[in-house]
Protein chains: 2
Amino acid sequence: MEKNSNILVHFGIQVKFYRQQKGLSQEALAHRASLHRTYIGMIERAEKNITLLNIEKIANALEVSISQLCDNSDG
Amino acid sequence: MEKNSNILVHFGIQVKFYRQQKGLSQEALAHRASLHRTYIGMIERAEKNITLLNIEKIANALEVSISQLCDNSDG
DNA sequence: ATGTGACTTACAGTCCGTG
DNA sequence: CCACGGACTGTAAGTCACA
């Protein structure tokens with residue numbers, strides 16, 4: 001229940017979850033978010049400390065709010 | 001209606017609002033968040049594209065959720 | 001269709017000082 | 001205390017070839 005503090009891991013998991021829920025491949029999501037396909041992969045694997053502008057791009061591409069991607073459990 | 005997409009501006013405004021509500025100076029907040037004092041100023045003025053790790057630091061220092069800092073009026 | 005190392009360029013983030 | 005300029009260091013951004 002304690003978060004790793006690794007909000008990046010959590011973020012990546014959420015991206016992957018919402019992406020698959022929409023039946024999108026990393027490639028397709030990358031296209032919708034105007035980002036590179038390998039970059040999406042890196043985000044999902046929490047290898048990059050993403051910036052707010054790109055967080056928004058992905059949230060929009062996934063049609064979810066930023067809160068849905070970042071929020072853990074309203075800690 | 002269109003958002004400016006300027007989430008950075010919105011974020012900066014929220015940081016300033018919650019900071020002042022707690023009666024903290026930029027310096028004091030910087031200290032609590034383990035960030036530099038000039039950096040907090042830059043964020044409030046939307047001059048920097050902050051990363052997720054620092055978003056979390058600031059949210060914790062302000063004792064608010066990330067949603068409260070990022071969420072617009074996403075409909 | 002995804003993971004990974006290597007790579008270059010742009011900028012996040014720190015520190016000094018001024019008014 | 002805060003806004004702002006300049007210089008600097010570290011790392012995110014963005015891409016590719018190949019597994």
Side-chain angles (χ1 to χ4, degrees), chain A residues 3-72, chain B residues 3-72:
Chain A
K3 353 172 200 191
N4 296 340
S5 239
N6 254 335
I7 186 170
L8 295 180
V9 172
H10 178 76
F11 185 88
I13 290 170
Q14 295 304 322
V15 169
K16 184 167 190 169
F17 174 77
Y18 286 113
R19 173 174 67 77
Q20 292 181 334
Q21 201 168 55
K22 292 187 95 69
L24 295 169
S25 66
Q26 288 182 354
E27 243 173 337
L29 174 58
H31 181 71
R32 289 167 66 115
S34 302
L35 294 170
H36 200 268
R37 79 164 179 83
T38 60
Y39 187 58
I40 298 293
M42 287 170 151
I43 298 303
E44 288 189 3
R45 298 193 306 278
E47 290 172 9
K48 286 286 190 182
N49 181 15
I50 192 170
T51 58
L52 190 49
L53 254 22
N54 281 345
I55 289 172
E56 194 189 27
K57 276 189 190 176
I58 293 175
N60 284 334
L62 251 24
E63 297 180 295
V64 298
S65 69
I66 292 176
S67 325
Q68 286 177 84
L69 295 179
C70 294
D71 219 358
N72 264 323
Chain B
K3 332 180 249 199
N4 264 0
S5 258
N6 249 335
I7 187 169
L8 296 180
V9 171
H10 178 75
F11 186 88
I13 290 171
Q14 296 303 320
V15 169
K16 184 168 191 169
F17 173 78
Y18 286 113
R19 174 175 67 76
Q20 292 180 335
Q21 200 169 54
K22 293 187 94 68
L24 295 169
S25 67
Q26 288 182 354
E27 272 169 316
L29 174 58
H31 181 71
R32 288 167 66 115
S34 303
L35 293 170
H36 201 267
R37 73 172 171 82
T38 60
Y39 188 54
I40 297 294
M42 286 170 152
I43 288 166
E44 288 188 2
R45 296 194 303 277
E47 290 172 9
K48 287 292 187 181
N49 181 17
I50 192 171
T51 59
L52 188 50
L53 252 23
N54 284 343
I55 289 172
E56 193 188 30
K57 277 189 189 175
I58 293 174
N60 284 334
L62 252 22
E63 296 179 297
V64 298
S65 69
I66 292 177
S67 325
Q68 286 176 85
L69 295 179
C70 293
D71 218 357
N72 238 323

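In this text the structure is predicted, and so the values were computed from the model without any measurement. Chain A is the first sequence line, chain B the second, and so forth, proteins listed ahead of strands; every chain is numbered from 1.
Phosphate contact (OP1/OP2 of D:dC16, side-chain N/O of A:H36, threshold under 4.0 Å): present. Remark: A:N54 is in phosphate contact with D:dA13, judged by side-chain N or O atoms under 4.0 Å from OP1 or OP2. One finds a side-chain N or O of A:Y39 lying less than 4.0 angstrom from the OP1 or OP2 phosphate oxygen of D:dA13. B:N49 has a side-chain polar atom (N or O) that falls below the 4.0 Å cut-off from OP1 or OP2 of C:dA12. Not one side-chain nitrogen or oxygen of A:T51 sits closer than 4.0 Å to the OP1 or OP2 atom of C:dC11. Between A:R45 and C:dT4 there is a side-chain N or O to OP1 or OP2 distance below 4.0 Å.
As rounded to whole Å, 14 Å separates atom P of D:dT11 from atom CG of A:L8. What separates CD of B:E27 from C1' of C:dC15 is a distance of 13 Å, to the nearest Å. Rounded to whole Å, atom P of D:dC2 lies 8 Å from atom CD of B:E44. In this structure, CG of B:L24 is placed 13 Å from C1' of D:dC1, rounded to the nearest angstrom. Rounded to an integer number of Å, the gap from A:E47 CD to C:dT4 C1' is 8 Å. Between B:M42 atom CE and C:dC15 atom C1' the separation is 11 Å, expressed in whole Å. Between B:I50 atom CD1 and D:dT11 atom P there is a gap of 17 Å when expressed in whole angstrom units. Per the geometry, NZ belonging to B:K48 stands 10 Å off C1' belonging to C:dA10, to the nearest Å.
The side chain of A:T38 lies closest to D:dT15 when the candidates are C:dT2, D:dT15, C:dG17. Set against C:dT14, C:dT2, D:dC2, the side chain of A:Q26 has C:dT2 as its closest nucleotide.
For the side-chain hydrogen bond (donor to acceptor under 3.5 Å, both in side chains) with B:E44, the lone residue among B:K16, B:Q14, B:Q26 that qualifies is B:Q26. Just one residue in the list A:V15, A:I55, A:L69 forms a side chain to side chain contact (heavy atoms under 4.5 Å, CB included) with A:I50, and that residue is A:I55.
Judged by distance alone with a 3.5 Å cut-off, no donor-acceptor contact links the side chain of A:R37 to the base of D:dG14.
Contact annotation: the side chain of B:R19 never approaches that of B:R32 to less than 4.5 Å [non-hydrogen atoms, C-beta and beyond]. A heavy-atom distance below 4.5 Å is not found between the side chains of A:L35 and A:I43.
At least one donor-acceptor pair under 3.5 Å links the side chain of B:N49 to the backbone N or O of A:L53.
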